[in-house]
Amino acid sequence: MNITRRPALAALLAAPALSGVSRAQGQPLKLGVPTAMTGTWAALGAQVVRSCRLWAKTVNAEGGLLGRPVEFLFEDTQGVPANCLRKAQEMVERDRVNILLGLMASSEALAVMPKLADWNALFISSVNGAGSITAEAWVPNAFRANTSGPMGARALALWLRNSPQTNFFSLSLDYAWGRSSVETFEGLLTGIGKRSIGSVFAPVGTRDYSSFITRIRQANPQALYIALTGDDGTAFLRQAAQYRLFERMPVVTETVDMLFTRPAGDAAIGLVGGSRYSFAYDHPANNAFVARFRAEYNELPDTYDGEQWQALEVLRAAVLKAGATDTPSVVAALRDLQLNSIKGPLKIRGCDGQAEQQGFVVRVARREGFPVPAPEVIATFTAAEVTPACRASNFS
């Protein structure tokens, strides 16, 4: 992790949990956020934290939820499943929290989900991409407001249908989300008349990708698919530029994050990928969120800023629909919930808790008014096109 990111996260954590002047007067509604604040995923955790704080400030200034001020409880999991399970249980038992959000790694979510019924708690995913969360590992008290890894891979595959490249090689991080993304992408290639000629998985926290790039060049694919994020993605893009990999083949990815394209600078130009959330999507709800975020933080929201905000808006809509905050009432309200989100129309599917939503493909390019290359939306797909069948982790 870049050490320069630590002060920003420390400042966020030092700020009061209830930002701004609140008009809410009731008993605080405590929301639990066990997330990665240090370690490999700290920069992503910072996005989760700052969106939570902005949302609390916004909601509390409007009178809270059902007249109750919102209070976030943050705990550092370091992205470790055992830590996340312990922190979540402490929040439930010690702080009487019944709503959990912001879990970082998919492996953390998969560790917590089996305990939700025993805790009489619910979980709304805003980050976790593993397809199994809404498939074989699904439990009734778990919901996913964000785009899954398979959904992002599907949007990219639909865009690639008309590309001249026919064989692909894959490079991914070696954990649940990365492997799920590669498995889905390889299956999707077959469906569009293309094929995979191999894949390789890098440990989380890899800084030297030279050996992986050598293997890619030896395989000599026509295009490369990557499932990387954060510092891992930045390290790869910089080294790929040094090896002039982009000159040999197009590089596409499941999720384009400014978190790794911005530090990569010009090395990221030309990268095409799915987008779980993009500030560049021109939609009234998103434009309002971007304006509010820029006014608060003087920067553009990135992937997990937007995904966390969307999950919280899903929660707000469910609480208002239920007229209550107890677990059974909110769970019932979440099933088949519909709202107009920052990514357009959204429906929480009752059968498995997956949010049906549009899929986007973006390209990193030099854009007027931006000091560094930034994503632009080049394709949009309907929810029906990019969402797997109920409790399915891929497309068949």
Side-chain angles (χ1 to χ4, degrees), residues 1-3 5-15 17 30-53 71-130 132-133 137-139 141-146 148-149 173-180 201-207 228-232 259 303-305 307-308 311-312:
M1 189 190 80
N2 260 331
I3 196 165
R5 292 175 181 153
R6 292 187 184 275
L9 181 55
L12 280 169
L13 297 176
K30 296 181 179 180
L31 303 176
V33 182
T35 195
M37 297 175 178
T38 59
T40 300
W41 308 115
L44 277 66
Q47 293 183 24
V48 167
V49 170
R50 65 187 183 182
S51 280
C52 286
R53 294 201 180 281
E71 178 180 348
F72 284 100
L73 304 180
F74 300 104
E75 290 285 353
D76 183 15
T77 69
Q78 298 179 308
V80 177
N83 291 347
C84 186
L85 182 60
R86 177 170 54 84
K87 297 288 187 178
Q89 185 163 355
E90 288 174 356
M91 288 179 170
V92 170
E93 295 177 351
R94 178 192 63 207
D95 302 306
R96 305 303 180 196
V97 165
N98 71 306
I99 300 172
L100 299 167
L101 308 101
L103 280 67
M104 186 54 58
S106 292
S107 54
E108 292 181 291
L110 292 168
V112 165
M113 286 167 55
K115 301 293 293 183
L116 293 174
D118 292 342
W119 294 344
N120 190 30
L122 66 97
F123 163 57
I124 302 177
S125 168
S126 58
V127 179
N128 315 114
S132 59
I133 287 171
W138 174 81
V139 297
N141 286 14
F143 300 84
R144 176 155 49 195
N146 61 288
S148 71
L173 292 178
D174 190 9
Y175 78 111
W177 162 67
R179 287 189 172 271
S180 175
F201 298 90
V204 173
T206 295
R207 292 297 171 264
L228 306 170
T229 190
D231 291 345
D232 295 88
L259 183 65
T303 299
Y304 301 109
D305 294 304
E307 289 283 50
Q308 183 64 39
L312 291 166

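- Judged by distance alone, with hydrogens and angles left aside, the side-chain atoms of Asn141 form a donor-acceptor pair with the main-chain N or O of Ala121 at under 3.5 Å.
- Looking at Arg144 and Ile124, their side chains never come closer than 4.5 Å, going by heavy atoms from C-beta outward.
- Checking side-chain atoms of Asp232 against main-chain N and O of Gly205 turns up a donor-acceptor pair under 3.5 Å.
- Just one residue in the list Leu122, Leu100, Val92 forms a side-chain contact (heavy atoms from CB on, under 4.5 Å) with Leu116, and that residue is Leu100.
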Practice problem: Start with the C-alpha distance between Thr77 and Leu103, add both sets of side-chain angles, then the distance that settles side chain to side chain contact (heavy atoms under 4.5 Å, CB included), and finish with yes or no. | Solution: CA-CA 9 Å; Thr77 69; Leu103 280 67; over 6 Å; no
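- A heavy-atom distance below 4.5 Å is not found between the side chains of Val49 and Val33.
- Taking all atoms of both residues into account, the shortest heavy-atom contact from Ala88 to Val112 is CB-CG2, 4.3 Å.
- Smallest separation of non-hydrogen atoms from Ser106 and Trp177: OG-CB, 4.1 Å.
- In this structure the side chain of Ser148 never reaches within 4.5 angstrom of the side chain of Ile133, judged on heavy atoms.
- Sequence neighbours left out, the pairs with a member in residues 113-125 that pass side chain to side chain donor-acceptor pair (under 3.5 Å) are Ser125-Asn128, Ser125-Asn146.
- In this structure, Trp138 and Met113 approach most closely via the heavy-atom pair CA-CE, 4.1 Å.
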Exercise. For side chain to side chain contact (heavy atoms under 4.5 Å, CB included), just list the numbers for Glu307 and Val127, CA-CA rounded to whole Å, side-chain angles, deciding distance to a tenth of an Å, and then say yes or no.
Key: CA-CA 7 Å; Glu307 289 283 50; Val127 179; 5.8 Å; no
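- The closest side-chain heavy-atom distance from Glu90 to Asp95 is not below 4.5 Å.
- In plain terms, the two heavy atoms of Met91 and Leu73 that are nearest each other are CE-O, 3.2 Å.
- Considering all non-hydrogen atoms of both residues, Arg96 and Glu93 come closest at NH1-O, 3.3 Å.
- Residues Leu259 and Thr303 have side chains not in contact (no heavy-atom distance under 4.5 Å, counting atoms from C-beta outward).
- Taking the side chain as every heavy atom from C-beta outward, Lys87 and Asp76 never approach each other to under 4.5 Å.
- Put simply, the side chain of Pro81 does not reach to within 4.5 Å of the side chain of Leu110, judged on heavy atoms.
- The environment of Arg94 atom CZ is dense: over 12 non-hydrogen atoms of other residues, nucleotides or ligands sit within 6.0 angstrom.
- Between Trp41 and Val204, some side-chain heavy-atom pair lies under the 4.5 Å cut-off.
- At distances below 3.5 Å, not a single donor-acceptor pair connects side-chain atoms of Asp174 with backbone N or O atoms of Phe201.
- Side-chain atoms of Gln47 come within 3.5 Å of backbone N or O of Tyr304 as a donor-acceptor pair.
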Quiz prompt | CA sep, side-chain torsions, deciding dist, call: Glu108, Thr35, side chain to side chain contact (heavy atoms under 4.5 Å, CB included) | solution = CA-CA 9 Å; Glu108 292 181 291; Thr35 195; over 6 Å; no
